[in-house]
Amino acid sequence: MPELPEVETVRRGIAPVLEGARFLKVQARRKDLRIPIPDDFSFELTGKKIIKVGRRSKYILIHIEDGPVVILHLGMSGKVTLYKLDEGATPEIGKHDHLIFETDGGMRMIYTDPRRFGLVTFADPDKLDEHPLLASMGPEPLSNSFHSDYLMEKLAKRKSPIKNVLLDQKIIAGLGNIYVCEALFRAHINPERHAATLNKREVEALVPIINDIIREAIAAGGSSLKDYAQVDGELGYFQHQFQAYGREDQACINQGCGGTIDRIAQSGRSTFYCKRCQL
DNA sequence: ACACGCTCCTGAACGC
DNA sequence: TGCGTTCAGGAGCGTG
C-alpha cells in the first residue's frame with residue numbers, strides 16, 4: 001500500500017520524465033475513481049507543459065504551465081507505470097488502467113488502480129494549500145514543523161490509542177498503517193496506549209524514529225528506481241523489510257526479548273506489535 | 001473539537 | 001474445481 005515513501009518514490013520516478021515535457025495526449029478511461037474525474041481532464045492538459053512534479057503527504061502534485069495542478073492519489077492499489085513508446089510492442093491497456101498520459105518525449109505514463117480508492121482532480125495553483133484535500137493536513141514528517149513540542153501538544157488532547165492518532169493525517173501527514181506499526185515497534189510503545197499518556201521522553205524518542213523510518217523507506221525506494229531511459233516499469237512498490245508489520249506469530253527481533261509479534265484490530269485495522277517489549 | 005462507525009472497491013486467500 | 005465468504009485498507013462523511 002502506498003504511504004508517503006512509496007508516493008515519494010513514484011514522484012522521483014516520474015519527475016525526470018514529466019518535468020519540462022509536454023502532454024501530447026491525455027486520456028481518462030472512466031468518469032470517476034473515488035471522486036469524479038474532471039470533465040475537462042483531457043482538454044485542460046493536452047498540449048500543456050509540465051513545470052514540476054511535487055508531493056504533499058500521499059498526494060502527487062503535477063504543476064502545469066498556465067494550467068491547473070493535477071492532484072493524484074494512489075489510494076490502496078494505485079500504480080504508475082512508464083513505457084517508452086518507440087521501443088518494441090507497447091503493452092496492452094488493462095481494464096484497470098484508468099489514466100493514460102503521453103509526452104512529447106515519447107513516454108507513456110499509465111495510472112492503474114483496481115480498487116479505485118485513488119483519485120485525480122484539479123487544484124488552483126494559486127490556492128493549492130486551500131484545496132479541501134490539503135487544507136487541514138498536518139506537517140510533513142520530514143519537515144522542521146514536525147518536532148516533539150508540536151506532537152506532544154497534539155497528543156495531549158487525544159484520548160484515542162496512539163496508533164489511531166498517528167494515522168490521523170491532520171496530526172502528521174503521510175503515515176499509513178505499515179509505518180505507524182513500525183514506528184511504535186521501534187519506539188517500544190504499545191499501540192493501545194492512549195495518546196495523551198505518552199510522556200515527553202517517549203515523544204522525544206518517537207519523533208526521530210518516525211523520521212528515520214520514513215527516510216530509510218524513501219532511500220530503499222530510491223535505490224529501487226530504474227533508469228526510465230533504459231527500463232520500462234512500475235514505480236513505487238519496492239522490497240522492504242518490516243520488523244513488526246505482517247510478522248504475526250514470528251519472533252520479536254529485539255535482542256533478549258523472546259516475545260512474539262501479535263496481531264490485533266484497532267478501528268478495524270490490523271496492528272502488529274510485541275506485547276513484551278512495547279509498553 | 002473529538003470519536004467512531006460506515007462506505008467505497010476488487011483481488012487474494014480461505015473454507016466447505 | 002468451484003463457489004461463496006472474508007479480509008485488506010485511505011480517508012471522507014455523517015452522527016453522537
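Proteins get letters first, then strands, A, B, ... in listed order; numbering begins at 1 in each.
The side chain of A:L133 approaches C:dG12 more closely than any other nucleotide in the set B:dG11, C:dC7, C:dG12. Comparing C:dA11, B:dG11, C:dA8 by their closest approach to the side chain of A:Y245 singles out C:dA8.
Atom CG in A:D32 sits about 11 Å away from atom C1' in B:dC9, given to the nearest Å. If you take OH of A:Y59 and P of C:dG10, they are 12 Å apart, rounded to a whole angstrom. A:L175 places its CG atom 10 Å from the P atom of C:dA11, with the value rounded to the nearest Å. Spacing between atom CZ of A:F272 and atom P of C:dG9 amounts to 7 Å, rounded to whole angstrom units. Rounded to an integer number of Å, the gap from A:I172 CD1 to C:dA11 C1' is 16 Å. A:Q169 has its CD atom 15 Å from the P atom of C:dC13, to the nearest Å. Look at CG on A:L155: it is 12 Å from P on B:dC2, rounded to the nearest Å. The distance from atom CZ of A:F242 to atom C1' of C:dA8 is 14 Å, rounded to the nearest whole Å.
A:N177 and A:K163 form a side-chain donor-acceptor contact under 3.5 Å, judged by distance and modelled atom types alone.
An aromatic stacking contact links A:F117 with the base of C:dG10, defined here by ring centres under 5.5 Å apart and ring planes under 30° from parallel.
Listed in residue order, the members of residues 156-168 of chain A having a heavy atom less than 4.0 Å from DNA chain B are A:K157, A:R158, A:K159, A:S160.
Formation of a donor-acceptor pair under 3.5 Å by the A:R11 side chain with backbone atoms of A:V53 is found in this model.
OP1 or OP2 of B:dG5 has not a single side-chain nitrogen or oxygen of A:S267 nearer than 4.0 Å. Between A:R263 and C:dA8, a side-chain N or O to OP1/OP2 separation shorter than 4.0 Å is present. Close to B:dC9, at under 4.0 Å from its OP1 or OP2, lies no side-chain N or O of A:S77. Dashed line: the shortest gap from a side-chain N or O of A:K95 to OP1 or OP2 of B:dT10 is not under 4.0 Å. Residue A:H73 places no side-chain N or O under 4.0 Å from the OP1 or OP2 atom of C:dG10. Distances shorter than 4.0 Å separate none of the side-chain N or O atoms of A:H96 from OP1 or OP2 on B:dC9.
If you check distances only, the side chain of A:R115 does reach the base of C:dA8 with a donor-acceptor pair under 3.5 Å.
Residues A:R193 and A:Q278 fail the side-chain proximity criterion, which asks for heavy atoms closer than 4.5 Å. The closest side-chain heavy-atom distance from A:V70 to A:I60 is not below 4.5 Å.
Using a 4.0 Å heavy-atom distance criterion, A:K154 is classed as making no nucleic acid contact. Looking at heavy-atom distances under 4.0 Å, A:R116 makes contact with sugar-phosphate atoms alone, never a base.
Below 30°, between 30° and 60°, or above 60°: for A:Y179 and A:F242 the angle between ring planes is above 60°, a perpendicular geometry. Note on ring orientation: taking the six-membered ring where Trp is involved, the planes of A:F272 and A:Y245 are perpendicular (angle over 60°, cut-offs 30° and 60°).
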Let me check something: any side-chain donor-acceptor pairs from residues 35-45 of chain A under 3.5 Å, sequence neighbours excluded? List them with distances.
from, atom 1, to, atom 2, distance (Å)
A:S42, OG, A:V26, O, 2.7
A:S42, OG, A:T46, OG1, 3.4

Review item, side-chain donor-acceptor pairs of residues 116-134 of chain A, under 3.5 Å, at least two apart:
from, atom 1, to, atom 2, distance (Å)
A:D124, OD1, A:D126, N, 2.8
A:H131, ND1, A:L133, N, 3.1

